[in-house]
Amino acid sequence: MKDWIKPEYRRIYAAVAAIPPGRVASYGEIAARAGLPGRARLAGRALSETPKGFDLPWHRIVRADGRLACMRGQREQARRLRAEGVDVRNGRVRIIAHGLHHDLDREIWGSGC
DNA sequence: CGTCTGACTAGTA
DNA sequence: TTACTAGCCAGAC
């Protein structure tokens, strides 16, 4: 079993684990938060090789345009996201509402424009 | 070494 | 909206 994980991978896993339930983040966003800007593919690779023992919310990672990653568990990903209250329609989520950049709560409860 | 692949992204048409 | 491009970079061969 793999014991030594690259520091970059560990930071990526940490960034993924930091995503709150009901929110989603893109691969690029994860990479940036891990101190690896512009390396979205690395985030994807890291996630595809998540070692056992890392119980990460992988379903909260989507592509930059909101579409779910074209992978084996796309359906499972949609199911888990919906279970967290994320609106998934036709294989994509609304980044505007669930992305980390946007604070939905503030929009609802704030003073508006 | 070179080449291909991929859970990616931003830009252009 | 989709399709294609260049840029990206770690593994596998």
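In what follows, chains carry the letters A, B, and so on, assigned in the order in which the sequence lines appear, proteins first and then strands, with residues in each chain numbered from 1. All values below were derived from every heavy atom in this structure, side-chain atoms included, with hydrogens, water molecules and symmetry-related copies excluded.
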Engineer: Whole Å only: how far is the CZ atom of A/R89 from the C1' atom of C/dT1?
Structural biologist: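 In whole Å, C/dT1 C1' and A/R89 CZ are 18 Å from each other.
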Engineer: Heavy atoms only: give me the nearest A/P57-A/A17 pair and the separation to one decimal.
Structural biologist: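 So the minimum-distance heavy-atom pair works out to CD-CA, 4.0 Å.
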Engineer: Less than 4.0 angstrom from a charged side-chain N to a carboxylate O is my criterion; do A/R39 and A/E8 meet it?
Structural biologist: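 Not counted as a salt bridge, because no side-chain N and carboxylate O are separated by less than 4.0 Å.
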Engineer: Any idea which of C/dA10, B/dA7, B/dT9 is nearest the A/R39 side chain?
Structural biologist: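 Side chain of A/R39 sits closest to C/dA10.
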Engineer: Verify the neighbour count for atom CG of A/D65: are there more than 12 heavy atoms of other residues, nucleotides or ligands below 6.0 Å?
Structural biologist: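 More than 12 heavy atoms, drawn from other residues, nucleotides or ligands, come within 6.0 Å of this atom.
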Engineer: Using a heavy-atom cut-off of 4.0 Å across all strands, would you classify A/R60 as base, sugar-phosphate, or nothing?
Structural biologist: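 The answer is nothing, as A/R60 stays clear of every strand by at least 4.0 Å.
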Engineer: Expressed as a whole number of angstroms, how long is the span from A/R92:CZ to B/dT9:P?
Structural biologist: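 Interatomic distance, CZ of A/R92 to P of B/dT9: 13 Å.
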Engineer: Do the side chains of A/E76 and A/R79 get close enough for a salt bridge, i.e. N-O under 4.0 angstrom?
Structural biologist: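 Salt bridge: yes.
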Engineer: Which part of the nucleic acid, if any, lies within contact of A/L47, taking any heavy atom under 4.0 Å across all strands shown: a base, the sugar-phosphate backbone alone, or nothing?
Structural biologist: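 If one applies the 4.0 Å heavy-atom cut-off, A/L47 turns out to touch a base.
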Engineer: Check this for me, if you would: do A/E49 and A/R45 make a salt bridge, where the nitrogen-to-carboxylate-oxygen distance has to be below 4.0 angstrom?
Structural biologist: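 So A/E49 pairs with A/R45 through a salt bridge.
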Engineer: Whole angstrom is fine here: how far is it from CG in A/D65 over to C1' in B/dA10?
Structural biologist: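 It is 11 Å, rounded to the nearest whole Å.
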Engineer: Quantified in whole Å, what is the C1' atom distance between nucleotide B/dA7 and nucleotide C/dC13?
Structural biologist: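 One C1' to the other, the span is 22 Å.
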Engineer: Between A/Q77 (CD) and B/dA7 (C1'), how many Å, whole number?
Structural biologist: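 Rounded to whole Å, this separation is 8 Å.
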Engineer: Could you go through nucleotides 11-13 of chain C and list every protein N or O atom that sits under 3.5 Å from one of its N or O atoms, giving the distance for each pair?
Structural biologist:
residue: C/dG11; atom: OP1; partner: A/K6; partner atom: NZ; Å: 3.3
residue: C/dG11; atom: OP1; partner: A/Y9; partner atom: OH; Å: 3.3
residue: C/dG11; atom: OP2; partner: A/K6; partner atom: NZ; Å: 3.0

Engineer: How is A/R41 classified with respect to the nucleic acid when contacts are heavy atoms under 4.0 Å: base, sugar-phosphate, or nothing?
Structural biologist: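 The answer is base, as A/R41 lies within the cut-off (heavy atoms under 4.0 Å) of a base atom.
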Engineer: Mind calculating the distance between CD1 (A/I12) and C1' (C/dC9) to the nearest angstrom?
Structural biologist: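 For the pair A/I12 CD1 and C/dC9 C1', the rounded distance is 11 Å.
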Engineer: Rounded to the nearest 0.5 Å, how far does CG of A/L47 lie from OH of A/Y9?
Structural biologist: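 Taking OH in A/Y9 and CG in A/L47, the distance rounds to 10.0 Å.
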Engineer: Nearest whole angstrom, please: distance from the P of C/dC8 to the CD of A/E8.
Structural biologist: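 Roughly 17 Å, once rounded to whole Å.
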Engineer: Rounding to a whole Å, what distance do you find between A/R63:CZ and C/dT2:P?
Structural biologist: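 After rounding, the reported distance stands at 11 Å.
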Engineer: From B/dA10, C/dA10, B/dA7, pick the nucleotide closest to the side chain of A/Y27?
Structural biologist: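 Of the options given, the side chain of A/Y27 lies nearest B/dA7.
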Engineer: Decide yes or no on side-chain contact (heavy atoms from CB on, under 4.5 Å) for A/V16 and A/W58, but give the supporting numbers first.
Structural biologist: CA-CA 7 Å; A/V16 172; A/W58 56 270; 5.7 Å; no
Engineer: Given C/dA10, B/dA7, C/dT2, which nucleotide is nearest the side-chain atoms of A/S48?
Structural biologist: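 In terms of side-chain proximity for A/S48, the closest of C/dA10, B/dA7, C/dT2 is B/dA7.
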Engineer: Expressed as a whole number of angstroms, how long is the span from A/I61:CD1 to B/dT9:P?
Structural biologist: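 In whole Å, B/dT9 P and A/I61 CD1 are 10 Å from each other.
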Engineer: For B/dT9, does either OP1 or OP2 sit under 4.0 Å from a side-chain N or O belonging to A/S26?
Structural biologist: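 Looking at the OP1 and OP2 atoms of B/dT9, one of them is under 4.0 Å from a side-chain N or O of A/S26.
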